Amino acid sequence: MQLLSSRAFRAAAAGVAALGLLLTGCTAEPDSLSYTPPAQVDGDLPGETVTALQDAVANALTASGATGAIVGVWVPWSGSWVTGIGTQDPGAGAEMSTDMSFRIADVTRLMTCDVLYGLADEGVVELDAAVPEYVSGVADMKDITLLDLCNGTSGVGSSEPSVVSAWLKTPEREWSPLELAAYGLGRSRVAAHTTFRDADAGYLLLGLALERATGKTASELIDEYVATPLGLEGTSLPRPAAAEPAEDAVMQGHYLNAVEGGYDCTAPVDITKLSSSTGFTDSGAVSTIEDLGRYAQAEAKQALRTKDDPGRFAAPLPAYADAPSWFQATGGAYLAGSLIGQHGWTPGYATAAYSDPATGFTVAVVLNDSTKGSAIVQSLAWELAALASKAPAAAGQTAPEFGLPFSAEQYHQAITDAAIICVAPPEG
């Protein structure tokens with residue numbers, strides 16, 4: 001299925017006019033947004049490619065303990081594969097479908113940075129503004145900027161290890177962003193500005209800062225600067241009150257209880273209903289597979305920027321100490337070779353989305369179980385990318401010079417090696 005084109009005003013400049021532009025495709029005003037995805041072959045990927053992709057997903061489902069996945073692979077010169085695989089529960093429940101909503105975990109970080117850059121482009125905030133200008137109680141961050149928060153270079157730690165058990169036990173609890181971030185702020189810090197750290201606290205603080213800079217909620221800002229301009233009707237940051245990802249069709253999210261020697265894979269715990277405040281502007285947003293693919297493609301091209309030379313991903317840092325030279329991070333994103341995107345988990349879901357800005361080649365996938373965190377979905381996204389990158393050109397098309405610095409076999413094995421251990425629960 002092709003990722004369709006849309007044009008929309010940035011909500012701050014247009015109001016009702018945005019709807020007219022979306023419906024009519026009329027030319028926008030000079031400071032409006034116009035995004036046209038690259039041409040996409042309107043047809044399925046070759047059967048041999050699809051078989052390999054199916055096998056990869058099946059292996060990941062087994063390894064992760066998930067019962068279902070929703071996948072989108074768009075290869076502009078060859079075709080696409082957008083499908084649901086598996087069921088809501090082990091061997092039962094509704095089959096997965098591509099209209100289901102789900103939580104997109106750390107892809108939310110990209111959207112939070114989109115808002116930051118949008119506000120900076122409009123002169124509302126400065127990228128190098130100090131964090132304490134907008135967030136109280138963090139006076140020790142006077143040398144840390146809003147851009148540091150977006151880039152993951154603030155030095156702060158992650159709150160997740162301290163609160164994950166509370167998320168799972170009380171999914172309906174509503175957290176204040178600063179309360180949640182405090183757990184990460186209390187951890188030892190790494191060198192700021194020059195070291196990337198995968199930590200949620202920085203993105204929680206960034207969301208809070210943007211709210212205070214504008215007087216709008218983070219939900220309103222993501223709608224205004226991300227969802228509306230790109231025509232993402234199924235994408236939002238929900239209100240904090242505990243709810244399922246959407247009122248319509250939803251992918252049910254689960255986790256597995258640990259037992260001695262492994263996990264009880266026969267009785268996944270349903271955690272579909274959850275407060276978005278557990279993730280807020282770090283990992284709280286929801287979407288659909290078509291929206292997620294469209295977003296990943298637009299994000300890689302920096303389509304939401306109004307600057308001629310946006311440069312958001314121009315100066316990445318190693319993703320971790322001794323990371324491969326091709327795996328870097330900046331701007332709320334990971335860079336894996338030429339791919340730009342994100343991967344992560346939130347209670348019930350593990351999600352990844354990556355796109356190549358030069359070709360529009362895009363992969364997005366979600367698993368309905370978060371027990372293994374983000375490791376398996378990250379490897380699956382890269383395995384799918386490696387497989388699909390070799391898809392032959394459709395009739396009348398020419399495959400571009402496009403390659404990745406890793407192999408499908410490499411990440412297929414990584415998934416197998418990380419497989420969850422299922423054991424029978426104790427009797428009685």
Side-chain angles (χ1 to χ4, degrees), residues 1-7 33-50 52-53 56 71-83 107 110 114 230-232 289-305 308-314 316 324-343 351-365 378-408 410-411:
M1 186 176 295
Q2 184 170 348
L3 293 175
L4 300 177
S5 167
S6 75
R7 295 188 176 191
L33 169 73
S34 178
Y35 170 61
T36 302
Q40 167 74 50
V41 168
D42 187 12
D44 296 332
L45 287 169
E48 184 176 348
T49 301
V50 170
L53 296 173
V71 190
V73 179
W74 294 269
V75 185
W77 61 90
S78 183
S80 60
W81 184 60
V82 184
T83 190
V107 178
L110 288 167
D114 289 334
L230 293 176
L232 308 179
I289 198 65
E290 292 282 359
D291 269 16
L292 184 57
R294 177 180 176 80
Y295 174 69
Q297 194 177 73
E299 186 73 349
K301 291 185 69 66
Q302 301 183 68
L304 289 169
R305 294 298 307 280
D308 291 335
D309 184 19
R312 174 170 158 186
F313 308 120
S325 60
W326 51 262
F327 186 32
Q328 301 173 300
T330 195
Y334 285 111
L335 285 66
S338 66
L339 301 179
I340 298 174
Q342 253 292 359
H343 58 265
T351 308
Y354 282 86
S355 184
D356 173 58
T359 64
F361 174 92
T362 303
V363 171
V365 59
Q378 171 192 345
S379 293
L380 176 58
W382 292 356
E383 181 184 359
L384 295 174
L387 291 168
S389 68
K390 301 183 185 306
Q397 301 292 318
T398 301
E401 292 292 331
F402 176 65
L404 296 171
F406 49 80
S407 69
Q410 175 183 352
Y411 285 100

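Nothing here was measured: the structure is a model prediction, and the numbers come from that model.
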Discussion item. Run the side-chain hydrogen bond (donor to acceptor under 3.5 Å, both in side chains) test against Tyr295 and tell me which residues pass, sequence neighbours left out.
Written reply: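 Scan of Tyr295 (side-chain hydrogen bond (donor to acceptor under 3.5 Å, both in side chains), adjacent residues dropped) gives Asp114, Glu299.
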From [atom1] ([X]) to [atom2] ([Y]), nearest 0.5 Å:
X      : Y      : atom1 : atom2 : answer
Thr83  : Ile289 : OG1   : CD1   : 10.0 Å
Trp74  : Trp81  : CH2   : CH2   : 11.0 Å
Gln378 : Gln342 : CD    : CD    : 9.5 Å
Gln302 : Ile340 : CD    : CD1   : 6.5 Å

Taking only residues two or more places apart in sequence or in another chain, which ones pass side-chain contact (heavy atoms from CB on, under 4.5 Å) with [X]?
X      : result
Ser379 : Tyr411, Ala414, Ile415
Ala298 : Tyr35, Leu230, Ala303
Ala296 : Ala353, Ser355, Thr362

Do [X] and [Y] have side chains that approach each other closer than 4.5 Å (heavy atoms only, starting at C-beta)?
X      : Y     : answer
Val73  : Val82 : no
Leu53  : Leu45 : yes
Leu384 : Val71 : yes
Trp77  : Gln40 : no

Nearest heavy atoms of Ser338 and Asp356, plus distance in Å
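In terms of heavy atoms, the two residues are closest at OG-OD1, 3.0 Å.
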Exercise. Identify the heavy atoms of Ala56 and Leu387 that sit nearest to each other, and give their distance.
Key: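 Looks like CB-CD1, 4.0 Å.
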Main-chain N/O of Pro37 paired to Gln297 side chain as donor or acceptor, under 3.5 Å: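 Side chain of Gln297 to backbone of Pro37, a donor-acceptor pair under 3.5 Å: no, none is there.
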Steps toward side-chain contact (heavy atoms from CB on, under 4.5 Å) verdict (Glu383, Val365) = CA-CA 11 Å; Glu383 181 184 359; Val365 59; over 6 Å; no
Can you give me every donor-acceptor pair (side chain of residues 388-407, partner residue at least two apart or in another chain, under 3.5 Å) with its distance?
{"residue": "Ser389", "atom": "OG", "partner": "Ala385", "partner atom": "O", "Å": "3.4"}
{"residue": "Ser389", "atom": "OG", "partner": "Ala386", "partner atom": "O", "Å": "2.8"}
{"residue": "Ser407", "atom": "OG", "partner": "Gln410", "partner atom": "N", "Å": "3.0"}

Determine all donor-acceptor pairs shorter than 3.5 Å in which one atom belongs to a side chain in residues 326-336; sequence neighbours excluded.
{"residue": "Thr330", "atom": "OG1", "partner": "Asn151", "partner atom": "OD1", "Å": "3.2"}
{"residue": "Tyr334", "atom": "OH", "partner": "Asp198", "partner atom": "OD2", "Å": "3.3"}

